[in-house]
Amino acid sequence: MTQTSLQKLLSLLDLEKIEENIFRGTSADHRVQRVFGGQVLGQALVAATRTVDPARLCHSLHAYFLRPGNPGRPILYQVDRSRDGASFTARRVVAIQNGAPIFTLAASFQVVEAGYEHQASMPEVLPPEALEDEQQVLLRDPGLSAETRDWVARERPFEIRAPVSRGLGDRQPRPPVDYLWLRARGTLPDDPAIHRGVLAFVSDMTLLDTALLPHGKSIFSNVQVASLDHAMWFHRPFRADEWLLYAQDSPSASGARGFNRGAIFTLDGTLVASVAQEGLIRPR
């Protein structure tokens with residue numbers, strides 16, 4: 001039976017344990033030049049989670065991308081059990097390939113607790129049912145090359161709908177603010193750790209491109225782009241197979257780097273996660 005793209009993603013995040021605190025992950029697509037940053041982020045979070053009491057959920061992670069990963073080779077994830085406290089657990093993960101670290105992650109986990117509550121309001125945007133699948137919007141572009149059209153048409157684990165399509169390649173400059181509705185194409189297991197890993201994976205997919213919006217460029221333009229770091233905070237329960245609004249903005253770009261922020265809301269306006277990232281955006 002052929003796996004769906006979502007099943008392939010779940011297989012990608014289901015790491016092989018090869019020794020205590022050491023896990024091995026593979027890449028799904030060997031045709032690309034380097035491993036997608038969200039994949040390493042999600043796999044590293046899974047590796048850390050595998051060493052933590054399931055009653056403790058990840059509430060924050062901070063990561064650095066050090067070297068490009070080779071999709072043709074496995075990645076080893078070495079977990080350091082930094083601390084197991086009364087309420088919090090800390091883990092550090094190093095992703096290794098060819099004997100060298102390509103990525104580091106620090107993650108903190110916490111028992112579920114009650115406390116003070118407040119949150120920012122969700123922006124007012126069109127609901128997902130009023131929008132079209134971004135994949136279908138892009139496929140209507142008559143200027144796509146055959147190679148690009150095949151890439152766009154591939155089955156993907158996430159459905160994305162946007163009030164304003166970003167398109168591919170150069171575009172009209174506009175303010176560095178963007179909104180995307182996203183959800184997994186299928187039902188995920190109930191384990192909240194899986195939903196965190198899946199959301200970490202997709203959180204790296206569009207964020208860096210936001211810094212290029214005011215310059216009329218995209219990650220498909222003649223620009224060298226790469227994620228440099230990535231931070232994420234999980235605030236409240238959510239499901240990645242239900243509609244989530246990814247509100248993104250870029251307050252600054254300088255020194256060939258773009259800084260980006262993201263806030264992720266459920267359909268009813270609950271803020272469930274926040275993201276921050278700086279990436280390389282170097283004109284070629």
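All heavy atoms count here, side chains included; hydrogens, waters and symmetry mates do not. None of these values were measured; they are calculated from a predicted model.
Of the possible polar contacts, one joining the Arg239 side chain to the Leu188 backbone as a donor-acceptor pair under 3.5 Å is found. The backbone N or O of Phe23 lies less than 3.5 Å from no partner atom in the side chain of Gln78, so there is not a single donor-acceptor pair. Of the possible donor and acceptor atoms, one in the side chain of Gln97 sits under 3.5 Å from a partner among the backbone N and O of Asn70. Checked by atom type and distance alone, the side chain of Trp181 never pairs as donor or acceptor with a backbone atom of Leu267 at under 3.5 Å. The closest donor-acceptor contact from the side chain of Gln135 to the backbone of Val152 lies under 3.5 Å. Of the possible polar contacts, none joining the Arg91 side chain to the Ala106 backbone as a donor-acceptor pair under 3.5 Å is found. In this structure, the side chain of Ser11 engages the main chain of Gln7 through a donor-acceptor pair within 3.5 Å. With hydrogens and angles disregarded, no donor-acceptor distance shorter than 3.5 Å links the side chain of Asp229 to the backbone of Tyr64. Remark: the backbone N or O of Pro189 is paired with a side-chain donor or acceptor of His195 at under 3.5 angstrom. Remark: side-chain polar atoms of Glu159 are not paired, donor with acceptor, to backbone N or O of Glu134 under 3.5 angstrom.
Between Arg166 and Thr210 the shortest side-chain heavy-atom distance falls below 4.5 Å. Counting heavy atoms from C-beta on, the side chains of Tyr179 and Val164 never come closer than 4.5 Å. In this structure, Ser60 and Met232 have side chains that are not in contact, with every pair of non-hydrogen atoms separated by 4.5 Å or more. In this structure, Val177 and Gln248 have side chains that are not in contact, with every pair of non-hydrogen atoms separated by 4.5 Å or more. Between Leu213 and Asp178 the shortest side-chain heavy-atom distance falls below 4.5 Å. Between Gln277 and Asp204 there is a side-chain heavy-atom pair separated by less than 4.5 Å. Side-chain contact between Val94 and Ile96 is present, with heavy atoms from C-beta onward closer than 4.5 Å. Between Leu271 and Ser121 the shortest side-chain heavy-atom distance does not fall below 4.5 Å.
Contact between Ala47 and Tyr77 at its shortest, heavy atoms only, is CB-CB, 3.8 Å. Between Phe103 and Ala44, the closest heavy-atom pair is CE2-CB, 3.5 Å. The minimum heavy-atom distance linking Ile281 with Ala211 is given by the pair CD1-CB, 4.1 Å. The shortest non-hydrogen separation linking Val35 to Ser27 is CG2-OG, 3.6 Å. Closest non-hydrogen pair, Gly269 versus Gln119, comes out as O-NE2, 2.9 Å. Taking all atoms of both residues into account, the shortest heavy-atom contact from Val275 to Ser203 is CG2-CB, 4.3 Å.
Note that OG of Ser221 and CG of Asp170 are 4.0 Å apart. Values are rounded to the nearest 0.5 Å. Atom CZ in Phe234 sits 10.0 Å away from atom CG in Leu57 (nearest 0.5 Å). To the nearest 0.5 angstrom, Asn21 atom CG is 8.0 Å from Asp80 atom CG. Leu199 CG to Leu244 CG: the interatomic distance, rounded to the nearest 0.5 Å, is 6.5 Å. Within the model, atoms CH2 of Trp243 and CG of Asp268 stand 15.5 Å from one another, a figure rounded to the nearest 0.5 Å. To the nearest 0.5 Å, atoms CG (Leu207) and CE (Met205) are separated by 12.0 Å.
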Going through the distances and angles, do Arg24 and Glu19 end up as a salt bridge (charged side-chain N to carboxylate O under 4.0 Å, His left out)?
CA-CA 9 Å; Arg24 178 162 48 205; Glu19 182 54 84; over 6 Å; no

Given side chain to side chain contact (heavy atoms under 4.5 Å, CB included), test Ile219 with Leu212 step by step and report yes or no.
CA-CA 8 Å; Ile219 59 173; Leu212 294 168; 4.2 Å; yes

Given the rule in the side chain to side chain contact (heavy atoms under 4.5 Å, CB included) test, do Thr104 and Arg92 qualify, once you have shown the distances and angles that lead to the verdict?
CA-CA 7 Å; Thr104 62; Arg92 182 175 180 271; 4.0 Å; yes

Would you sort out whether Arg140 and Glu132 count as a side chain to side chain contact (heavy atoms under 4.5 Å, CB included), showing the intermediate values?
CA-CA 12 Å; Arg140 285 203 298 271; Glu132 190 177 1; 2.7 Å; yes

Walk me through whether Ile22 and Lys17 qualify under side chain to side chain contact (heavy atoms under 4.5 Å, CB included).
CA-CA 6 Å; Ile22 300 177; Lys17 181 178 180 180; over 6 Å; no

Please assess Arg81 against Thr51 for the test side-chain hydrogen bond (donor to acceptor under 3.5 Å, both in side chains), listing each intermediate value before the final yes or no.
CA-CA 8 Å; Arg81 299 181 182 235; Thr51 69; 4.8 Å; no

Are Arg196 and Asp191 close enough, and set up right, to give a salt bridge (charged side-chain N to carboxylate O under 4.0 Å, His left out), and what steps lead you there?
CA-CA 9 Å; Arg196 279 166 164 75; Asp191 184 356; over 6 Å; no

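Cluster membership for Phe238 and Leu10, using ILVMFWY side-chain heavy atoms within less than 4.5 angstrom, is shared. Leu131 and Val125 fall within a single hydrophobic cluster, where Ile, Leu, Val, Met, Phe, Trp and Tyr side chains are chained together by heavy-atom contacts under 4.5 Å. Cluster membership for Leu245 and Val272, using ILVMFWY side-chain heavy atoms within less than 4.5 angstrom, is not shared. Under the 4.5 Å side-chain contact rule for hydrophobic residues, Leu228 and Leu208 do not share a cluster. If you chain together hydrophobic residues whose side chains sit under 4.5 Å apart, Leu182 and Met122 never meet in one group.
Heavy-atom contacts from other residues, nucleotides or ligands closer than 6.0 Å to CD of Glu129 number more than 12. Within a 6.0 Å radius of CG in Asp190, no more than 12 heavy atoms belonging to other residues, nucleotides or ligands are found.
Salt bridge annotation for Arg261-Asp249: present, with a cationic side-chain nitrogen under 4.0 angstrom from a carboxylate oxygen. Between Glu278 and Arg257, at least one side-chain N (NZ, or NE/NH1/NH2) sits under 4.0 Å from a carboxylate O, which counts as a salt bridge. Here Lys8 does not pair with Glu155 in a salt bridge; the nearest charged N to carboxylate O distance is not below 4.0 Å. Salt bridge Arg171/Asp209: present, at least one basic N to carboxylate O contact under 4.0 Å.
By the 30° and 60° cut-offs, the orientation of the rings of Phe65 relative to His230 is perpendicular.
A salt bridge (charged side-chain N to carboxylate O under 4.0 Å, His left out) with Asp133 is found for one member of Arg185, Arg156, Arg161 and no other, namely Arg185.
Between Tyr246 and Phe265, the distance separating the two ring centers is not shorter than 6.0 angstrom.
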